[in-house]
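Notes to accompany the following structure.
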Amino acid sequence: MTLVERLKRFTREPLVHFLAAGALIFAVWGGGGDAADRSITVSEVQVRGLTEQWEQQWHRQPTPAEVDGLIRDRIKDEVYYREAVRLGLDKDDIIMRRRMRSKMEFLVAAQAENEIPSDAALQAWLDAHRRNYATDPILSFDQIYVAGDRHRAQSVLAQLNRGADPAALASLLSVPPTVDDAPAAEIDRQFGDGFAKAIAALPPGRWTGPVASGFGQHLVRLRKLTPGAVQPLSAVRKAVENDWREANRIGRENAAYQALLDGYTIRIAKP
């Protein structure tokens, strides 16, 4: 492997991107100076950052006096931070640990947020998760509520399959006995989560069950099922990109953490 190839491979490592993003952020905002250093420098970049934060909060530019106040407060933060570190107040502090962890995780998230996925990447994600972006199946069915009485359910099912009138056997319930061309999401809103998926798996044209809903048990006759269709990327691009970004963020965070973890020797002593 040539030197150029090694450098290219090195720059693709997630830890390199992670540390580069961290260096950039801390160059702008400062990560807290060395506790042993007795000098404090507030750079033009930091002053500009303080001013921009003010403008975002108050929707106007700060006056020169207000800028001086922001700078004094920044210096006060730095003084107290260094003295706290010098006194060891950051040691064994669970809140401090959590805030430092949050900052490290933020560095990874910030890098992932800035990445723009290509059409090919989004299409690959859509192809791998087609069910998540399909339209709802459309169902038509009849149902008879039999509460939780399994013995009665078997008796009613036998009568239905011998040709009995469903209306004469139905129990009163707030949901309709007959549903026509309803999306799965609407069915689940009426009967409870998972009911549409359960009846979509039934053999069509005959009474079967019982099938559980949020109310209890039902006997169901599936009359028609129109399966959901996967939509093109152009129709679901925003949802696909949001999901891709979240998965990318998690993947980068896990990879960066693993790269850091690999540099440690872990010993665990369980009682």
**Study point:** Criterion ring-ring contact (aromatic ring centres under 6.0 Å, His included) against H218, the qualifying member of Y145, W207, F141
**Key:** Y145
Would you check if the side chain of [X] reaches a backbone N or O of [Y] as a donor-acceptor pair within less than 3.5 Å?
{"X": "E105", "Y": "S102", "value": "no"}
{"X": "T135", "Y": "G228", "value": "no"}
{"X": "R245", "Y": "E115", "value": "yes"}

Enter the distance from [X]:[atom1] to [Y]:[atom2] here, rounded to the nearest 0.5 Å.
{"X": "Y81", "Y": "R86", "atom1": "OH", "atom2": "CZ", "answer": "11.5 Å"}
{"X": "R237", "Y": "Q231", "atom1": "CZ", "atom2": "CD", "answer": "15.0 Å"}
{"X": "L107", "Y": "R252", "atom1": "CG", "atom2": "CZ", "answer": "13.0 Å"}
{"X": "N161", "Y": "R221", "atom1": "CG", "atom2": "CZ", "answer": "9.5 Å"}
{"X": "N248", "Y": "E241", "atom1": "CG", "atom2": "CD", "answer": "11.0 Å"}
{"X": "K270", "Y": "I268", "atom1": "NZ", "atom2": "CD1", "answer": "6.5 Å"}

Heavy atoms, side chains only, cut-off 4.5 Å: are [X] and [Y] in contact?
{"X": "E66", "Y": "L70", "answer": "no"}
{"X": "M96", "Y": "M100", "answer": "yes"}
{"X": "I144", "Y": "P177", "answer": "no"}
{"X": "Y133", "Y": "L233", "answer": "no"}
{"X": "L225", "Y": "P137", "answer": "yes"}
{"X": "V179", "Y": "L139", "answer": "no"}

Review point. Would you call R249 and E246 a salt bridge, using N to O less than 4.0 angstrom?
Key: yes
Check your understanding: Are E83 and R38 within salt-bridge range, i.e. N to O under 4.0 Å?
Key -> yes
At their closest point, which heavy atom of [X] faces which heavy atom of [Y], and how far apart are they?
{"X": "P203", "Y": "T208", "result": "CG-CG2, 4.0 Å"}
{"X": "V211", "Y": "A198", "result": "CG1-CB, 3.8 Å"}
{"X": "Q143", "Y": "P176", "result": "NE2-O, 3.0 Å"}
{"X": "S39", "Y": "R82", "result": "O-NH1, 2.8 Å"}
{"X": "P183", "Y": "I138", "result": "CA-CD1, 3.7 Å"}
{"X": "L122", "Y": "V240", "result": "O-CG1, 3.6 Å"}

Study note, to complete from the structure: Apart from L89 itself, its cluster of hydrophobic side chains linked below 4.5 Å comprises L87
Exercise for review: Starting from V47, walk the hydrophobic network (Ile, Leu, Val, Met, Phe, Trp, Tyr; side-chain heavy atoms closer than 4.5 Å) and list everyone else you reach, by chain and number.
Suggested key: I40, V42, V67, I71, I75, V79
Exercise for review: Show the numbers, then the answer: is there a side chain to side chain contact (heavy atoms under 4.5 Å, CB included) between E55 and R60?
Suggested key: CA-CA 5 Å; E55 291 176 359; R60 66 173 177 83; over 6 Å; no
Check your understanding: Considering residues at least two apart in sequence or located in another chain, which fulfil the side chain to side chain donor-acceptor pair (under 3.5 Å) criterion with Q154?
Key -> none
**Study point:** For R206, side chain to side chain donor-acceptor pair (under 3.5 Å) partners two or more places apart
**Key:** none
Exercise for review: Taking salt bridge (charged side-chain N to carboxylate O under 4.0 Å, His left out) as the test, write out the residues that go with R223, two or more places apart.
Suggested key: D142, D180
Practice item. Please lay out, stage by stage, how Q123 and D119 fare under the test side chain to side chain donor-acceptor pair (under 3.5 Å). Key: CA-CA 6 Å; Q123 185 62 55; D119 287 349; over 6 Å; no
Review point. Between V220 and F195, is a side chain to side chain contact (heavy atoms under 4.5 Å, CB included) present by the stated rule, with each step listed?
Key: CA-CA 11 Å; V220 181; F195 190 73; 4.1 Å; yes
Exercise for review: I would like to know whether D188 and K197 meet salt bridge (charged side-chain N to carboxylate O under 4.0 Å, His left out); could you show each step before the answer?
Suggested key: CA-CA 9 Å; D188 282 351; K197 182 178 181 180; over 6 Å; no
Practice item. Check step by step if salt bridge (charged side-chain N to carboxylate O under 4.0 Å, His left out) holds for E78 and R74. Key: CA-CA 6 Å; E78 186 66 21; R74 174 69 177 82; 3.3 Å; yes
Review point. Step by step, would you call D68 with R72 a side chain to side chain contact (heavy atoms under 4.5 Å, CB included)?
Key: CA-CA 6 Å; D68 289 343; R72 284 195 299 270; 3.7 Å; yes
If you look only at distance, which donor and acceptor atoms sit under 3.5 Å apart when one is on a side chain in residues 256-265 and the other is two or more places apart or in another chain?
unit_1 : atom_1 : unit_2 : atom_2 : d
Q258   : NE2    : D262   : OD1    : 2.8

Review point. Parallel under 30°, tilted from 30 to 60°, perpendicular over 60°: which one fits the rings of F215 and F191?
Key: perpendicular
